[in-house]
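See below for the structure under consideration.
Just so you know, residue 1 is the first one in the sequence shown, and it goes up from there. For the numbers below, each heavy atom of this structure counts, side chains included, while hydrogens, waters and symmetry mates do not.
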Amino acid sequence: MLITLPFLPISVNQSYRSSKNRVYKSGKLRDFEKKMNDLFETFENIEFLKGNIAIDITFELKSFRKRDLDNMLKSLFDSLEDRIFENDNQIFEIKCRKIHGCSEDKTIINIFEI
């Protein structure tokens, strides 16, 4: 299954904030979740994967700003739970790359059962 997101996931470092011994979702995480909800509402016939999963991800970035792959992966995987697969513990293989200097920010996901 091939999915293209016309944006990048946020870093897990930007996802949560704390104040007065309370942890809450950041505005950036709420915005990212809304984008994902809006996008997935437009998809038809998404296959829910139940077995072990392999995933190949390409992050296309306009800027040359430093970004950690592992931080982007966590928020992306969390956002795909209950949409594509039940839990990210189903992921047994990951191939990931980032490309700088692209014409637009984009996330390309190829995911399949193995």
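- Closest non-hydrogen pair, Gln90 versus Phe92, comes out as O-CD1, 3.1 Å.
- Hydrophobic cluster membership is shared by Phe43 and Phe85, with clusters built from Ile, Leu, Val, Met, Phe, Trp and Tyr side chains linked at under 4.5 angstrom.
- At most 12 heavy atoms of other shown residues, nucleotides or ligands fall within 6.0 angstrom of atom NZ in Lys28.
- Side-chain N/O atoms of Arg97 and Thr58 include a donor and acceptor closer than 3.5 Å.
- The number of heavy atoms from other shown groups lying within 6.0 Å of CD (Glu86) does not exceed 12.
- Summarising the geometry, atom OG belonging to Ser15 is positioned 3.5 Å from atom CD1 belonging to Ile10; distances are rounded to the nearest 0.5 Å.
- Listed here is the closest heavy atom pair of Leu8 and Lys106: CD2-O, 3.4 Å.
- Residues Phe32 and Ser75 approach most closely at CE2-O, 3.7 Å, considering heavy atoms.
- A cation-pi arrangement is present between Arg83 and Phe40, with the terminal nitrogen or guanidinium carbon under 6.0 Å from the aromatic centre and inside a 45° cone about the axis.
- A salt bridge between Lys74 and Asp78 is present, with a side-chain N of the basic residue lying under 4.0 Å from a carboxylate O of the acidic one.
- Residues Arg30 and Lys25 come closest through the heavy atom pair NH1-O, 2.7 Å.
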In sequence, state the C-alpha distance, the side-chain angles, and the governing distance for Ser19 and Tyr24, and then conclude on side chain to side chain contact (heavy atoms under 4.5 Å, CB included). CA-CA 8 Å; Ser19 175; Tyr24 58 93; 4.0 Å; yes
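- Taking all atoms of both residues into account, the shortest heavy-atom contact from Leu61 to Lys98 is CD1-CB, 3.6 Å.
- When each of Leu73, Ile109, Ile84, Leu76 is checked for a side chain to side chain contact (heavy atoms under 4.5 Å, CB included) with Ile55, only Ile109 meets the rule.
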Chi angles and distances behind the side chain to side chain contact (heavy atoms under 4.5 Å, CB included) call for Ile53, Glu93: CA-CA 7 Å; Ile53 295 170; Glu93 184 178 324; over 6 Å; no
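- In this structure, CZ in Phe59 is found 5.5 Å from OG1 in Thr107, a value given to the nearest 0.5 Å.
- Closest approach of Glu113 to Lys50, counting heavy atoms only: OE2-N, 2.7 Å.
- With rounding to the nearest 0.5 Å, the separation of NE2 in His100 from NZ in Lys66 is 10.0 Å.
- Between Asp38 and Lys34, at least one side-chain nitrogen of the basic residue sits less than 4.0 Å from a carboxylate oxygen of the acidic one, meeting the salt-bridge criterion.
- The distance from atom CG of Asp56 to atom CD1 of Ile111, rounded to the nearest 0.5 Å, is 10.5 Å.
- In this structure, Leu2 is not a member of the same hydrophobic cluster as Ile46, with clusters built from ILVMFWY side-chain heavy atoms closer than 4.5 Å.
- When hydrophobic clusters are built by joining Ile, Leu, Val, Met, Phe, Trp and Tyr residues whose side-chain heavy atoms come closer than 4.5 Å, directly or via intermediates, Ile94 is grouped together with Ile3.
- Of the inter-residue distances, the one linking Asp88 atom CG with Glu81 atom CD reads 4.5 Å to the nearest 0.5 angstrom.
- Asp70 contributes atom CG, which lies 8.0 Å from atom OG of Ser11 (distance to the nearest 0.5 angstrom).
- Linking Ile, Leu, Val, Met, Phe, Trp and Tyr residues whenever their side-chain heavy atoms come within less than 4.5 Å places Ile57 and Phe7 in a single cluster.
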